Amino acid sequence: MKRVRFAPSPTGNLHIGTLRTALFNWLFAKRYNATYVLRIEDTDKARSKPEYEDNIYEGMDWMEIVEDEGPKKGGKFGPYRQTERIVEGIYQKQLNRLLEEKKAYYCFCTDKDLDAEREEAKQKNRPYIYSRKCLRLNPDEIADKLNSEISRTVKFEVPDTKSLIVSDGVRDDIDFDCSLISDFVLLKSDGNPSYNYSVVVDDALMEITDVIRGEDHISNTPKQLLLFKALGFTPPQYHHLPMILGQDKSKLSKRHGATAVTDYESQGYLSDALYNFLALLGWSPTDTTEIFDRASLSTLFSMDRISKSNAVFDVTKLKWMNGQYIRSLSESALSEKVKPFLDDASNAILAEYSESDVSKIIYSVRDNLALLPDINGYLESFNTSFESFSEKVKGFQFTDSERQVVLDFCKNILEYSDITSENVSKTMDIIVEKNDGKKGKVFKPIRKALIGLERGPNIVEILTLLGRENLSKRASFLNELFSV
RNA sequence: GGCCCUAUCGUCUAGUGGUUAGGACACAUGGUUUUCAUCCAUGCAACCGGAGUUCGAUUCUCCGUAGGGCUACCA
């Protein structure tokens, strides 16, 4: 049984790029029947915040990505929050082994010392490699410093391997020269494990078989592989995903505007659309299909069709896709999705209608929506306010024949005691007939005169929904207006 | 600077040792529609450059170039 993990750090709101990583892990789990683990990497005490962890859960809920194991869900490889694992001494235990086996050592160098070394390397145009000053300390010196207040870290002694091969599920083998890799910190001076260390211990102990993460981790991989080896664990298969870039082709970040997943939710995107869109960013199916529901994506997804090159995040296409998804919603589903996005003016308009008419109204304008809040621009046709209606109508000019058409329609339609769409259609047809079958000569003036707008949804639908009372009121107003 | 990854229309991408290099978004035009939108049709538009291998390279190799990543006691 394969096991994958999504391991975000709660140092900011869940990001579009991070979400894509989660999605690919999730899709992998669905496709290859793997266990999907959520692990919270909160070892950076200064930047990690509970509210960010909550934001991650919120995003996952919205995307309907449900972990099999995680901080909330539990599981037999827990705890799944690194700060809790620290408390349990999990990292310390492994670290002691490394220390005993002399694969790791204490370092007492100050930031100043290290910065100087780095500066020197830079001057000489050499890659920075730690001098290993502290590796040469004798046991007494180490014991002394350990007993003092001097701040210390534990560093990994990087072996001098000339060629370390990283095998990658997405690209070809990558060859690293470890003599170019500096000894790095395993245990930070604040007592917490560093990322490169904790990630290895956790992936090993949680028995992760496949690590699917961003390409920005490629250069970390040799370090992690070395640690796996030093610890005596079997490393997972790595798969490095291409990055998602902003419009300017640099790594997607906050300055590119909306990057938090919750931003998309609040802007009125459907999570189904984002899910579909993100799956296509870095992966492609064998045919030219672009719209997939979650179930088919789970079966079609495959690791061998992941692309190697970075992708620009194109909101325009996401918007289009969102429109596709909006159009595929049922009347009731659309109405549910749209309601939270209605503004005060829209709510005021809709308050005059019954629950089922509200759904019909919303459904009638669905073709105009790319984002859910777009709805607010399309409800004016259904405004029952007589004042607002009469004001607008007064702004229009009508020819004599237009007046005739309108008055004619009003008279005929009001003969029905019940305004149904059939009745409205029938009435329209009669008037059209009288006007040599010219639909435009009938529909346009009727819309202008009875709604006060030049465009909007299907006029028959609007008139039907408006109902007899409103129509009758408007008809008498028009009678008066046109008779002068 | 060093190390690493990548390179097909503006964008997301398919694809091949010989193809009219395919699809989608966007854009343009036309059609459908009472109008906007939707929908449909059509069009515009790409193999980063140079060598090499080969009868033939967009495809394989090398070198450039460009973009991206890493180069932390951040993940």
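Letters A, B, ... mirror the listed sequences (proteins, then strands); counts begin at 1. Here the structure is a predicted model, which is why all the values come from computation and not from measurement.
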Per atom distances to the F176(A) side chain, the nearest of rC74(B), rC4(B), rC70(B) is rC4(B)
Watson-Crick or G-U wobble mate for rU6(B), both contacts under 3.5 Å: rA66(B)
Output the single nucleotide from rA26(B), rA14(B), rU11(B) whose closest atom is nearest the side chain of D314(A). rU11(B)
Which nucleotide, rC25(B), rC12(B), rC74(B), lies nearest any side-chain atom of A311(A)? rC12(B)
Here the pair of heavy atoms bringing L252(A) nearest to G246(A) is CD1-CA, 3.6 Å
Are the ring of F443(A) and the base ring of rU34(B) both nearer than 5.5 Å at their centres and tilted by less than 30°? yes
Considering Watson-Crick and G-U wobble pairs with both distances under 3.5 Å, what does rA41(B) pair with? rU29(B)
Would you state whether a donor and an acceptor, one from the side chain of R447(A) and one from the base of rU34(B), lie under 3.5 Å apart? yes
For N96(A) and Q92(A), does a side-chain donor sit closer than 3.5 Å to a side-chain acceptor? yes
Winner on side-chain proximity to R47(A), out of rC74(B), rA75(B), rC73(B), is rC74(B)
Report yes or no: is there a donor-acceptor pair, N or O only, under 3.5 Å between the side chain of N368(A) and the base of rU38(B)? no
For the residue pair N196(A) and S194(A), confirm or rule out a side-chain donor-acceptor distance under 3.5 Å. no
Need to verify one output field. Residue with the more 5' nearest nucleotide on RNA chain B, T289(A) or K439(A)? T289(A)
Kindly say whether, by distance alone, the side chain of S189(A) makes a donor-acceptor pair under 3.5 Å with the base of rC73(B)? yes
To the side chain of K444(A), which of rU35(B), rC12(B), rC73(B) is closest? rU35(B)
Between R39(A) (CZ) and rA75(B) (P), how many Å, whole number? 13 Å
L23(A) and Y275(A): CA distance, side-chain angles, deciding distance, side-chain contact (heavy atoms from CB on, under 4.5 Å) verdict: CA-CA 8 Å; L23(A) 177 62; Y275(A) 188 105; 3.5 Å; yes
Is N310(A) side chain donor-acceptor paired with the rA7(B) base, going by distance under 3.5 Å alone? no
